[in-house]
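Below, chains carry the letters A, B, ... as their sequence lines are ordered, and counting in each starts from 1.
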Amino acid sequence: MTETSRTTEAEVERIFREEYGRVVASLIRRFGDIDLAEDAAAEALLVAVERWPVDGVPPNPGGWLTTTAARRGIDKIRRESHRDAKHQQAAMIADPTPHQPTGAVEDDRLRLIFICCHPALAPEARVALTLRLLGGLTVPEIAAAFLVTETTMGQRITRAKKKIAAANIPYRVPDAEDLPARLSGVLAVLYLVFNEGYLATSGSSGMRTDLTAEAIRLCRVLRSLLPTEPEVAGLLALMLLTDARRTARFSASGELVPLTEQDRATWDAEQITEGLALVRECLAVNRPGVYQIQAAVNAVHTTARTSADTDWAQIAALYAQLLAISPSPVVALNRAVAISELDGPAVGLAAVDQLALDTYHPWHVTRAELLRRLDRPADARAAYDAALALIDNPAEAAYLVRRRDEL
Amino acid sequence: MTQYMMSVHTVEGEAMPTGDDMQRMYDQVDVFNQKLVNEGIWVFGGGLEPIETATTVDATGGEPIITDGPFAEAKEWIGGFWVIEAPDLDAALKLAAEASAACEGKVEVRPFQPEPA
């Protein structure tokens, strides 16, 4: 504790963000009001910024923040006489729940996740609320990450919170019967956050890399809350195995490097070890789902020593399994890629050409690469151009232009 | 408990069901209504006559002005609705799914404002 006097404001803010979801979730249960919970948490931060550098960080900072915020919240309710009796009453109830989670399903953060990702909210609002309330990101940060103005993002979040209150969206974990469908909605939000960071990363914008880290962090929280749901483990594994290749995805000049050409030595060994362990755990549970299968595909890629060692038969089989439980032309395209590695580019192209995906740039890229292997340079060039017309990611554009111009 | 309106909308140009289709729908809705009444969920509900029967009254300028027809020219209008009382939106959405299956149409769910304390 002797070191704590040196706690900086930045350190206080890091701890605050780390604890934010837990603190706000607990306050929402107590006050039944998201705005009040957020205001109270913000006031607790101000107190912490003032006190912690002097007194040191308390042994249970989350508990300290929750208690401090709850007091501020109650003060606020007392001051504002216009608040209705229900709020008054809710606030005055002595809170018997200790700060530590009392059990997986009882954790307030789990309730909060299911509110934030409720199907009655617009998908972009689900993402924004999740990052705001669970991730503790500020409205300007979320606005910057999604390239919209702060006003737009602020309104999106306000509208969603208003709907939660007015429509009485319940603050609880769904019944066992509804859990699978609702959980898949939550996982979709986390994966969307991850992809928003991962796919848009051009190596220049730091905030977007933060989105992948945030998605992984939130997925870890979800896994700690629902440790027996294999799809949660599957999504975490998928994120880790994908993110492990992050630095290898871009060349020094900022050009996208496809999987087959990546320097495998630069992949993050720690993330791969953790991801592979999760995939093995999923296999043992044997309740496959879309994220687990995609994680398994990534595990196959990751365990191949070189690109040439890739077990394409295994990958084709996994995509066939994915296609069976979640049919989509995009999955069919991925399977066709594996088929082309097994049976040759002509067979692959025939499968690719059957798919109605001409607004999806990877379809054009796949065609371009197959046409190139089939020695049809004019057709390949046209396919690269079609792909380029559909993308705005500079790293990927640079790669495709180079590939096209090699022909 | 929150009160919700579950409304069913008629879209211009969409053929109304007739004969056996109509009868089947009525029967399904009857069963659903009875369930709402039995379980204490029902507040009010009913089907509306066609939009051609609407009359609009405007007394905002003093003397009421009475006009034949709906409030606004629209491509769709409310054909019927239920007002229910449910513990929360999740419960209301489950009832709306049953309502939609029974009346064979989309159902919009909207909360009522709470009564002033």
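Within a 6.0 Å radius of CZ in B/Arg24, other residues, nucleotides and ligands contribute more than 12 heavy atoms. The number of heavy-atom neighbours closer than 6.0 Å to CZ of B/Phe112, taken from other residues, nucleotides and ligands shown, is above 12. With a 6.0 Å radius and a threshold of 12 heavy atoms from other residues, nucleotides or ligands, B/Asp20 has its CG atom at or below the threshold.
Applying the side chain to side chain contact (heavy atoms under 4.5 Å, CB included) test to A/Ala25 and every residue at least two apart in sequence or in another chain returns A/Asp108, A/Arg109, A/Leu112, A/Tyr171.
Identified by a heavy-atom distance below 4.5 Å to chain A, contributing residues of residues 36-50 of chain B are lacking entirely. Below 4.5 Å, heavy atoms of chain A meet heavy atoms from B/Pro87, B/Asp88, B/Leu89, B/Asp90, B/Leu93, B/Lys94, all part of residues 70-96 of chain B. Listed by sequence position, A/Ala166, A/Ala167, A/Asn168, A/Ile169, A/Pro170 are the residues of residues 163-170 of chain A in contact with chain B, using a 4.5 angstrom heavy-atom cutoff.
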